[in-house]
Amino acid sequence: MAAPSVGILGAYGAVGSVAARRLAAEGRCRLRLGGRALEPARRLAAELGPSAEAQAVDARDGQSLAAFAEGCRVVLNCAGPAYLLLGRVRQAAFTAGADYVDVMDDGTASAPGGPRTAVLSAGLVPGLSGLLPGLLAGTMARPLRFTGGYAGLGALTHTGAVDYLLSLDRGFGVPMGLWRGRTVPGALRTDDGVRVPGLPRPVTAVPFLTAEVVERAEALGLEEARWYNAFDGSFLYDALNRVRVGDGPDLDARAAELVRAGALDAAGRTPYHALWGSLDGIGHEGAEVRRTVLVRGADGSELTGEVGAFAVSEVCAGRVPAGVHRAAEVLSPRRVVDRLRAVVGGLVVAERDADAAPGADLVDEAEEEGAL
């Protein structure tokens, strides 16, 4: 039987190239590497060997997308901005008879998939972020209250900045929101000087209840869930508050300001991307328990690409049912984290139960005032 063909849109970008290299290393599929510029795709194909081919594709053009998706078993979308492309790439894949994986959320998670399979939000944030509640709940009899967050320090791409701005404007989450059996807008406040175990200095934590966290709270039967976007430094946080006030400049100009601000925060400092979570609940012996986890790596694009590649492998192996799903709904949190541990150099994954010996995994358990 011939190896399945996987088309990667945005294949030579920071995220797509990671996914392409991982899938090529696994050796279980043929790769079609796509992007608007053919030459970088050709260079990557030459690096990956005879199982890879290059093809020019414009994600904004329906005919170009149709030609790219034709004959593919799965199309992996690593192009952006996702919130401008929306469901266009997925529809082209479905029409061509291919399944679909997107490292972002294309804004149409509730759309029908028919006989085809789509895995959305198969990246870092969203993606791994939504897997944390399930990872922590795995050994609990009754999970109750989840708190999690994300902080990143490093270069912010223009595409990433555009997606971030659009996600705020298009209902990806609820600012200052809390889950307590339902979404409660405005229930929380921004906290300055918050200490998170494993981060180098205090951060500004801004509550932002995302759709994927709400879905996980409902699925796990949680009483309460919170999510924070955290800022290590003041430049990006201040810039975000400025560009969201009033009509302001156009989208590209607003994104450019965020890119500059992110660079100022990161200047002279070691980059990192970190997710953390804690879950309180009832253990199998009836006692109250708390589990905590920290996942920290140097390169957010690498983590995103690795999660996307894992999702492709799961779809190709038939381990994801037909329909349109977010990654946190259908991927095994434990298998994803174990994969990242195995393949991402320098990754820190620290997990701890509250009754473990002090210092066993997470240093400085976040119990004191002003900590998450």
Side-chain angles (χ1 to χ4, degrees), residues 6 8 10-29 31 33 44 47-48 52 76-78 80 101-104 119 121-136 138 148-157 159-160 196-200 212 230 232 266 269-277 292-317 319 326-328 330-352 361-363:
V6 174
I8 305 178
Y12 50 78
V15 172
S17 59
V18 170
R21 290 187 175 96
R22 176 59 50 209
L23 292 168
E26 291 177 353
R28 292 193 287 268
C29 61
L31 298 178
L33 309 177
L44 181 59
E47 174 192 333
L48 298 182
L76 169 62
N77 184 19
C78 299
V101 174
D102 197 324
V103 298
M104 287 292 292
V119 180
S121 302
L124 177 59
V125 181
L128 186 58
S129 51
L131 291 164
L132 292 187
L135 180 73
L136 294 170
Y150 164 76
L153 185 72
L156 178 65
T157 67
T159 297
V196 177
L199 300 193
E212 68 171 358
D232 187 345
R269 301 186 59 205
T270 301
Y272 71 85
H273 293 263
L275 296 167
W276 68 88
T292 58
V293 63
L294 169 76
V295 180
R296 188 185 69 223
D299 187 340
S301 295
E302 181 181 15
L303 292 169
T304 299
E306 291 290 358
V307 175
F310 179 86
V312 168
S313 297
E314 294 294 278
V315 172
C316 285
R319 287 191 282 266
R326 286 193 174 97
V330 290
L331 299 185
S332 161
R334 175 55 58 195
R335 293 187 65 224
V336 171
V337 169
D338 287 349
R339 164 69 71 88
L340 293 176
R341 272 189 169 119
V343 301
V344 178
L347 184 73
V348 172
V349 180
E351 299 177 70
R352 183 179 176 185
D361 283 310
L362 289 175
V363 295

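Side chains included, hydrogens not; waters and symmetry mates left out as well; all remaining heavy atoms used.
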Item checked: Residue pair Val103 / Val307, side-chain heavy-atom distance below 4.5 Å -> no
Check: Quick one: does Arg269's side chain have a donor or acceptor within less than 3.5 Å of a partner on Leu153's backbone?
Finding: no
Note to self: For the residue pair Thr292 / Glu351, report whether a side-chain donor-acceptor contact shorter than 3.5 Å exists.
What the structure shows: no
Note to self: Testing the basics here: between Ser121 and Glu212, what is the closest heavy-atom pair and its distance to 0.1 Å?
What the structure shows: CB-OE1, 4.5 Å
Margin query: Let's go through Leu294 and Leu275 carefully: what are the C-alpha distance in whole Å and the side-chain angles of both, what is the deciding distance for side chain to side chain contact (heavy atoms under 4.5 Å, CB included) to 0.1 Å, and is it a yes or a no?
Written below: CA-CA 6 Å; Leu294 169 76; Leu275 296 167; over 6 Å; no
Item checked: For the student: nearest non-hydrogen atoms of Leu44 and Tyr12, plus distance -> CD2-CA, 4.2 Å
Check: For Pro133 and Gly130, which heavy atoms make the closest approach, and how far apart are they?
Finding: CD-O, 3.4 Å
Next item on the list: Output the distance between atom CG (Leu33) and atom CD (Glu47), rounded to the nearest 0.5 Å.
Entry: 10.0 Å
Next item on the list: Would you name the heavy atoms of Met104 and Val125 that are closest together and state the gap between them?
Entry: SD-O, 4.3 Å
Note to self: Assess whether a salt bridge exists between Glu314 and Arg319, defined as any Lys/Arg side-chain N lying under 4.0 Å from an Asp/Glu carboxylate O.
What the structure shows: yes
Item checked: 4.5 Å side-chain heavy-atom contact, Leu48 and Leu31 -> yes
Check: Looking at side-chain heavy atoms only, is the closest gap between Val101 and Asn77 below 4.5 Å?
Finding: no
Check: What is the distance from atom CZ of Arg339 to atom OG of Ser332, rounded to the nearest 0.5 Å?
Finding: 11.5 Å
Check: Can you check whether Tyr150 reaches Leu124 side chain to side chain, under 4.5 Å on heavy atoms?
Finding: yes
Checklist line | CZ-OG distance between Arg22 and Ser313, expressed to the nearest 0.5 angstrom | finding: 9.5 Å
Margin query: Test side chain to side chain contact (heavy atoms under 4.5 Å, CB included) on Trp276 and Val295; report intermediate values, then the result.
Written below: CA-CA 6 Å; Trp276 68 88; Val295 180; over 6 Å; no
Note to self: With a 4.5 Å cut-off on side-chain heavy atoms, are Leu199 and Asp232 touching?
What the structure shows: no
Item checked: pair Val344-Leu303: side-chain heavy atoms closer than 4.5 Å -> yes
Checklist line | Arg335 bridged to Asp338 by N-O distance under 4.0 Å | finding: no
Next item on the list: Write down the atom of Gly10, the atom of Cys78, and the distance for their closest heavy-atom approach.
Entry: O-CB, 4.1 Å
Item checked: Between CD on residue Glu302 and CG on residue Leu347, distance to nearest 0.5 Å -> 8.5 Å
Note to self: Nearest 0.5 angstrom please: Glu306 CD to Ser301 OG, how far?
What the structure shows: 11.5 Å
Next item on the list: State the CD1-CZ distance between Ile8 and Arg21, to the nearest 0.5 angstrom.
Entry: 10.5 Å
Notebook entry, point to check: Do you know the tightest heavy-atom contact between Ala311 and Ala122?
Noted result: CB-CB, 3.9 Å
